[in-house]
There are 2 protein chains.
Amino acid sequence: MPSKPLPPITMDAVYAAPGYLFRRMQQIAVSIFMEECKAFDLTPVQYAALIAIHTHPGIDATRLSAVIAFDRSTLGSVIERLQVKDYIERKPAPEDKRIKLLYLTKSGAAILREIIPVVERAQARMLEPLKPADRKVLMGLLVQLVDLNNEASRVPLRAEDALEHLGKAG
Amino acid sequence: MPSKPLPPITMDAVYAAPGYLFRRMQQIAVSIFMEECKAFDLTPVQYAALIAIHTHPGIDATRLSAVIAFDRSTLGSVIERLQVKDYIERKPAPEDKRIKLLYLTKSGAAILREIIPVVERAQARMLEPLKPADRKVLMGLLVQLVDLNNEASRVPLRAEDALEHLGKAG
DNA sequence: TGTTAATTGACAGTATACTCACGATCTAGG
DNA sequence: CCTAGATCGTGAGTATACTGTCAATTAACA
């Protein structure tokens, strides 16, 4: 019989774990984003997708998923919701029948212009409780950590993929 | 007509945003957790719930949600899955017919004992790319930020709620 | 060229994570 | 005591976030 008792376990096994803190901070970040942007019917993911499509007009869904590091399957429904809201449109690619090219509509460009300053305020609010110097330190370390751990995620960021839809010579 | 063009927007509006980095880091953390723990059929959320139930035997679902800062509705299905796996059991509270008290089963205690060192390795892996000193700085700032932003989240952490199920005198 | 391999978007399935709402139950106030 | 309000678990509805798989299409290669 394994009668050896459990080692002393406290909630610190959860509260002090990096994974828990990242989850918690993500919850808080989404909450602040949604609160600031409640006048706009737009989620953080949808916002990132709009930015990426604006920055890379004519990108396809697979490359978009690489550029913002979202799962390809998830992105399908995100794109559909953005299309229903008339913020983006999908056009079939003439040279590849599998691909649908993504473009911002006028509505999409307009909402983006309006929401950007609001989002910036939300982003600032997330770090507001820290001293300005600490904010810089935290962001610096996070950028490093996310970059160095890029390959560890299921959907690594591939920012360079974004350029492939612009006539590739190679 | 609003013919004013969009201000210059680059992907840095996404990549450098705290919210995006938190989301990305959370994705990475879950990925590493699941990879390390693939021998155990347990998610990060289920793990945290098991720890909390072990630490607070006889807690009810609502208080559990406050202790680990998970949404009450979400927790319902988490609890059900843990029950199906026979890691926890629910007993009706004699003095309050609304409440169901949560307890670890022997299976639950066993899996917890086995998985804890594996989870610790996963947690270490998340920070591994950073220098040891930087890991401490990052965790310190994160703990601060999560704590100071606690009220900003939809489901604030209420660690003290955990004690209420132990005969309250007030 | 013709078969194989890879890619694209789509779908099903699972698991968080939140919203609002509902019935059952308990508690407080009059 | 008995009603008003709070609380408990639960369910529906939406949105990520991942796992697979699939058909259609394209690319690579023998």
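In what follows, chains carry the letters A, B, and so on, assigned in the order in which the sequence lines appear, proteins first and then strands, with residues in each chain numbered from 1. Because only heavy atoms are used, hydrogens play no part in the values below, and waters and symmetry mates are left out as well, while side chains stay in. None of the values given here were measured: they were computed from a predicted structure.
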Checklist outcome for this item: By nearest-nucleotide position on DNA chain D, the 5'-leaning member of Thr43(A) and Asp96(A) is Thr43(A)

Checklist entry - Starting at the 5' end of DNA chain D and moving along, which residue's nearest nucleotide shows up first, Lys97(A) or Val45(A)? => result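 Taking each residue's closest nucleotide, the earlier one in sequence belongs to Val45(A).
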
Roughly how many Å is it from [atom1] in [X] to [atom2] in [N], rounded to a whole number?
| X | N | atom1 | atom2 | result |
| --- | --- | --- | --- | --- |
| Leu42(B) | dT16(C) | CG | P | 9 Å |
| Ile99(B) | dA6(D) | CD1 | P | 18 Å |
| Gln26(A) | dT16(C) | CD | C1' | 11 Å |
| Glu95(A) | dA24(D) | CD | P | 21 Å |
| Met25(B) | dT16(D) | CE | P | 22 Å |
| Asp60(B) | dT10(D) | CG | C1' | 14 Å |
| Leu64(A) | dT8(C) | CG | P | 13 Å |
| Glu35(A) | dT19(C) | CD | C1' | 15 Å |

Item to check | Closest to the Gln27(B) side chain, choosing from dG9(D), dT8(C), dC18(D) | outcome: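 Within the option list, the nearest is dC18(D).
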
Give a yes/no answer on whether the side chain of [X] brings an N or O atom under 4.0 Å of OP1 or OP2 in [N].
| X | N | value |
| --- | --- | --- |
| Arg63(B) | dT7(D) | no |
| Gln46(B) | dT16(C) | yes |
| Arg90(B) | dT10(D) | yes |

Checklist entry - To the nearest 0.5 Å, how far apart are CD in Gln83(A) and CZ in Arg90(A)? => result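 Spacing of CD (Gln83(A)) from CZ (Arg90(A)) equals 4.5 Å.
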
Next on the checklist: Nearest 0.5 Å, please: how far is CG in Asp86(B) from OG1 in Thr105(B)?
Outcome noted: 4.5 Å

Checklist entry - Can you list, by residue number, the residues of residues 68-82 of chain A that have a non-hydrogen atom closer than 4.0 angstrom to DNA chain C? => result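 DNA chain C contact set from residues 68-82 of chain A: Arg72(A), Ser73(A).
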
Item to check | Minimum-distance pair of heavy atoms, taken over all atoms of Leu75(B) and Ala61(B) | outcome: CD2-O, 3.4 Å

Answer whether the closest heavy-atom distance between the side chains of [X] and [Y] falls below 4.5 Å.
| X | Y | answer |
| --- | --- | --- |
| Val118(B) | Tyr47(B) | no |
| Gln27(B) | Phe70(A) | yes |
| Leu42(B) | Cys37(B) | no |

Next on the checklist: Would the distance check show the side chain of Arg24(B) and the main-chain N or O of Val146(A) forming a donor-acceptor pair, the cut-off being under 3.5 Å?
Outcome noted: no

Next on the checklist: With clusters defined by side-chain heavy atoms of hydrophobic residues (ILVMFWY) lying less than 4.5 Å apart, directly or transitively, does Leu21(B) cluster with Val143(B)?
Outcome noted: yes

Checklist entry - Pick from Val119(B), Ile68(B), Leu104(B), Ile116(B): which one makes a side chain to side chain contact (heavy atoms under 4.5 Å, CB included) with Ile51(B)? => result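 One option only clears the test, and that one is Ile116(B).
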
Checklist entry - If you count the non-hydrogen atoms of other residues, nucleotides and ligands that lie under 6.0 Å from CD in Glu114(A), is the total more than 12? => result yes

Between protein and nucleic acid, restricted to nucleotides 2-4 of chain D and to nitrogen or oxygen atoms under 3.5 Å apart, what atom pairs and distances do you find?
none

Item to check | Any donor-acceptor N/O pair under 3.5 Å between dT26(D) base and Arg98(A) side chain | outcome: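 Looking at the base of dT26(D), it does not pair with any donor or acceptor on the side chain of Arg98(A) (distance under 3.5 Å).
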
